[in-house]
**Q** 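Mind having a look at this structure? Questions to follow.
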2 protein chains.
Amino acid sequence: MTTASTGGPRWLTDEEQGVWQAYLHATTLMEDHLDRQLQRDAGMPHTYYGLLVQLSRAPGRQKRMTELAKDAKITRSRLSHAVARLEKNGWVRREDCPSDKRGQNAVLTDEGQDMLTRSAPGHVEAVRQAIFARLSPQQVKSLGEIMQVIAGGLQPEDTDADLPWLR
Amino acid sequence: MTTASTGGPRWLTDEEQGVWQAYLHATTLMEDHLDRQLQRDAGMPHTYYGLLVQLSRAPGRQKRMTELAKDAKITRSRLSHAVARLEKNGWVRREDCPSDKRGQNAVLTDEGQDMLTRSAPGHVEAVRQAIFARLSPQQVKSLGEIMQVIAGGLQPEDTDADLPWLR
DNA sequence: GACCTTTTCTTGAAAGTTGAACTAGATAGA
DNA sequence: TCTATCTAGTTCAACTTTCAAGAAAAGGTC
């Protein structure tokens with residue numbers, strides 16, 4: 001199947017195909033697994049949980065919407081809907097930003113923090129079981145480096161990756 | 001941050017946390033990237049594209065619904081909706097299964113095959129650019145092994161992973 | 001200040017996903 | 001056969017995500 005360099009479209013080598021398949025299978029199974037785990041134990045999808053985690057780590061347990069969206073790698077629109085839902089659950093609250101009247105801060109409530117405290121151990125355990133318990137230290141290190149490279153290549157990277165001609 | 005073994009919940013080490021972050025960033029960016037690429041160039045999300053690929057590789061370009069769902073790692077419900085949509089596009093057609101009157105075969109149409117032929121090069125290129133062009137041969141090999149391990153741990157594995165007490 | 005552009009965030013509709021309920025056909029046991 | 005159970009696939013309602021559109025404030029520039 002490996003196409004020689006005939007000028008036609010370059011396909012993946014057999015090895016690359018296999019790796020790509022494995023990547024797709026592993027990542028979809030993983031996402032499904034965590035979504036179910038969190039839906040069951042915390043009543044929300046993985047994305048939403050990630051938002052709460054981000055907030056819990058931020059100073060004052062709050063963040064501007066745009067910054068939160070960027071950190072969580074989701075669109076602002078998606079974040080608006082998500083925060084609306086989390087607000088209905090009482091886990092997040094919106095506050096006007098004092099310095100910018102357009103701005104909104106998403107604030108993690110005490111209930112939100114509690115829920116996080118309750119569900120974190122189970123979630124961490126799920127991640128460990130699925131990944132770290134199965135990989136050698138060498139592989140863990142490798143996985144980190146590889147994911148860093150991939151993410152780096154896809155990151156907007158503050159308008160410079162797209163403009164290499166500007167030095 | 002690394003919690004000693006005090007009997008409380010075991011957290012991730014700092015290194016593991018970093019790796020997990022990198023994993024999440026890379027995989028969400030990747031999925032977004034491919035979804036956009038395919039939505040733009042092929043008019044469908046990545047999952048749907050994957051279904052067409054599966055069918056194109058199957059003998060007779062067709063597959064039973066349940067088998068297709070299993071291979072693509074999605075629920076039967078999701079597949080029903082997806083096939084309905086792909087059918088409306090003219091890329092897939094349903095046929096009754098001759099041997100089992102409950103069964104349906106999803107069949108890739110000629111239009112579907114054409115669309116696949118047209119969009120495959122661009123898609124492959126996107127995958128290569130994002131992953132294989134950036135990793136060393138060593139890393140590619142490593143990534144494959146790692147993903148295999150992770151997928152293996154999450155796979156239903158034909159009712160045996162869930163029933164270890166049956167040997 | 002008046003004007004134009006950009007940034008921040010929200011909204012609404014359409015598309016996709018989920019989980020539970022449901023129909024119809026297959027299977028197995030008495 | 002009669003019955004109970006299981007499997008294949010679909011459907012419905014609730015929920016999430018996307019995309020395009022829009023309101024409001026901020027930041028130039030003249």
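In what follows, chains are A, B, ... by sequence order, proteins preceding strands, each numbered from 1.
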**Q** For C:dC9, take OP1 and OP2 only and decide whether either is under 4.0 Å from a side-chain N or O of A:Arg94.
**A**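 Looking at the OP1 and OP2 atoms of C:dC9, neither is under 4.0 Å from any side-chain N or O of A:Arg94.
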**Q** May I have the distance from B:Glu67 (atom CD) to D:dT7 (atom P), rounded to whole angstrom?
**A**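 Taking atom P of D:dT7 as the reference, CD of B:Glu67 is at 17 Å.
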**Q** Go nucleotide by nucleotide along DNA chain C from the 5' end; which of A:His81 and A:Asn105 gets its closest nucleotide reached first?
**A**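 Closest to the 5' end, via its nearest nucleotide, is A:Asn105.
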**Q** Return the value, rounded to whole Å, for the distance between atom CD of B:Gln104 and atom P of D:dA8.
**A**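 Whole-Å distance recorded here is 13 Å.
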**Q** Starting at the 5' end of DNA chain C and moving along, which residue's nearest nucleotide shows up first, A:Leu79 or A:Asp35?
**A**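 Upstream on the strand: A:Leu79.
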**Q** Run the salt-bridge test on B:Lys70 and B:Glu67 with the 4.0 Å N-O cut-off and return the result as yes or no.
**A**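 Result for this pair is no, no salt bridge flagged.
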**Q** How does the hydrophobic cluster around B:Leu116 look, that is, which other residues are in it when side-chain heavy atoms under 4.5 Å mark a link?
**A**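 For the cluster that includes B:Leu116, the remaining residues are B:Leu38, B:Met44, B:Tyr48, B:Tyr49, B:Leu51, B:Leu52, B:Val53, B:Leu55, B:Met65, B:Leu68, B:Ile74, B:Leu79, B:Val83, B:Leu86, B:Trp91, B:Val92, B:Leu108, B:Met115.
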**Q** Run A:Arg61 and A:Asp110 through salt bridge (Lys or Arg N to Asp or Glu O under 4.0 Å) and show every step you take.
**A** CA-CA 10 Å; A:Arg61 280 185 192 165; A:Asp110 290 346; 3.5 Å; yes
**Q** Could you write out each protein N or O paired with an N or O of nucleotides 22-24 of chain C at a distance under 3.5 Å?
**A**
none

**Q** Rounded to the nearest angstrom, tell me the gap between atom CD in A:Glu95 and atom C1' in C:dC9.
**A**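 About 16 Å, once rounded to whole Å.
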**Q** Using whole Å, report how far CZ of A:Arg64 lies from P of C:dT8.
**A**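 The distance from CZ of A:Arg64 to P of C:dT8 comes to 7 Å, rounded to the nearest Å.
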**Q** With the side chain of A:Tyr48 defined as its heavy atoms from C-beta on, choose the nearest nucleotide among C:dT17, C:dC9, D:dT16.
**A**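 In terms of side-chain proximity for A:Tyr48, the closest of C:dT17, C:dC9, D:dT16 is D:dT16.
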**Q** What I want to check is whether the side chains of B:Gln21 and B:Gln17 have a donor and an acceptor closer together than 3.5 Å.
**A**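 Their side chains do not contain a donor-acceptor pair, so the 3.5 Å distance test is not met.
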**Q** Figure out the CZ/C1' separation between B:Arg76 and D:dC6, and round it to whole Å.
**A**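 One finds 11 Å between C1' of D:dC6 and CZ of B:Arg76, rounded.
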**Q** Mind calculating the distance between CD (B:Gln39) and P (D:dT17) to the nearest angstrom?
**A**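 Taking atom P of D:dT17 as the reference, CD of B:Gln39 is at 16 Å.
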**Q** Taking the six-membered ring for Trp, are B:His46 and B:His123 parallel (under 30°), tilted (30 to 60°) or perpendicular (over 60°)?
**A**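 Tilted, since the angle between the ring planes falls between 30° and 60°.
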**Q** Side chain of A:Arg78, heavy atoms from C-beta onward: which of D:dT17, C:dT8, D:dC19 has the nearest atom to it?
**A**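 The closest nucleotide is D:dT17.
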**Q** Out of D:dA25, D:dT10, D:dT18, which nucleotide sits closest to the side chain of B:Asp32?
**A**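 Given the options D:dA25, D:dT10, D:dT18, the side chain of B:Asp32 is closest to D:dT18.
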**Q** Can you measure B:Ile74 atom CD1 to C:dG19 atom C1' for me and round it to whole angstrom units?
**A**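 For the pair B:Ile74 CD1 and C:dG19 C1', the rounded distance is 15 Å.
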**Q** For A:Thr47 and for A:Lys101, locate the closest nucleotide of DNA chain D by heavy-atom distance; then report the residue assigned to the nucleotide nearer the 5' terminus.
**A**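 Going by which nucleotide is closer to the 5' end, it is A:Thr47.
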**Q** May I ask you to evaluate whether A:Arg85 reaches the phosphate of D:dC15, defined as a side-chain N or O under 4.0 Å from OP1 or OP2?
**A**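 Checking D:dC15 against A:Arg85, no side-chain N or O comes under 4.0 Å of OP1 or OP2.
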**Q** Measure from CG on B:Leu68 to P on D:dT7 and round the result to the nearest Å.
**A**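 One finds 20 Å between P of D:dT7 and CG of B:Leu68, rounded.
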**Q** Within the 4.0 Å heavy-atom criterion, would you say A:Arg40 contacts the bases, only the backbone, or no part of the nucleic acid?
**A**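 Since no nucleic acid heavy atom lies under 4.0 Å of A:Arg40, the category is nothing.
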**Q** Rest of the hydrophobic cluster containing B:Val107 (Ile/Leu/Val/Met/Phe/Trp/Tyr, side-chain heavy atoms under 4.5 Å)?
**A**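 None, because no other hydrophobic side chain comes under 4.5 Å of this residue.
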**Q** Side chains of A:Glu145 and B:Ser136, heavy atoms from C-beta outward: is any pair under 4.5 Å?
**A**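 Counting from C-beta outward, A:Glu145 and B:Ser136 never come under 4.5 Å.
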**Q** Would B:Asp71 and B:Arg64 pass as an ion pair if we require N to O under 4.0 Å?
**A**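 Here B:Asp71 does not pair with B:Arg64 in a salt bridge, since their nearest N and O are not under 4.0 Å apart.
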**Q** Name the closest nucleotide to the B:Ser77 side chain, picking from D:dT11, C:dC9, D:dG9.
**A**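 Of the candidates, D:dT11 comes closest.
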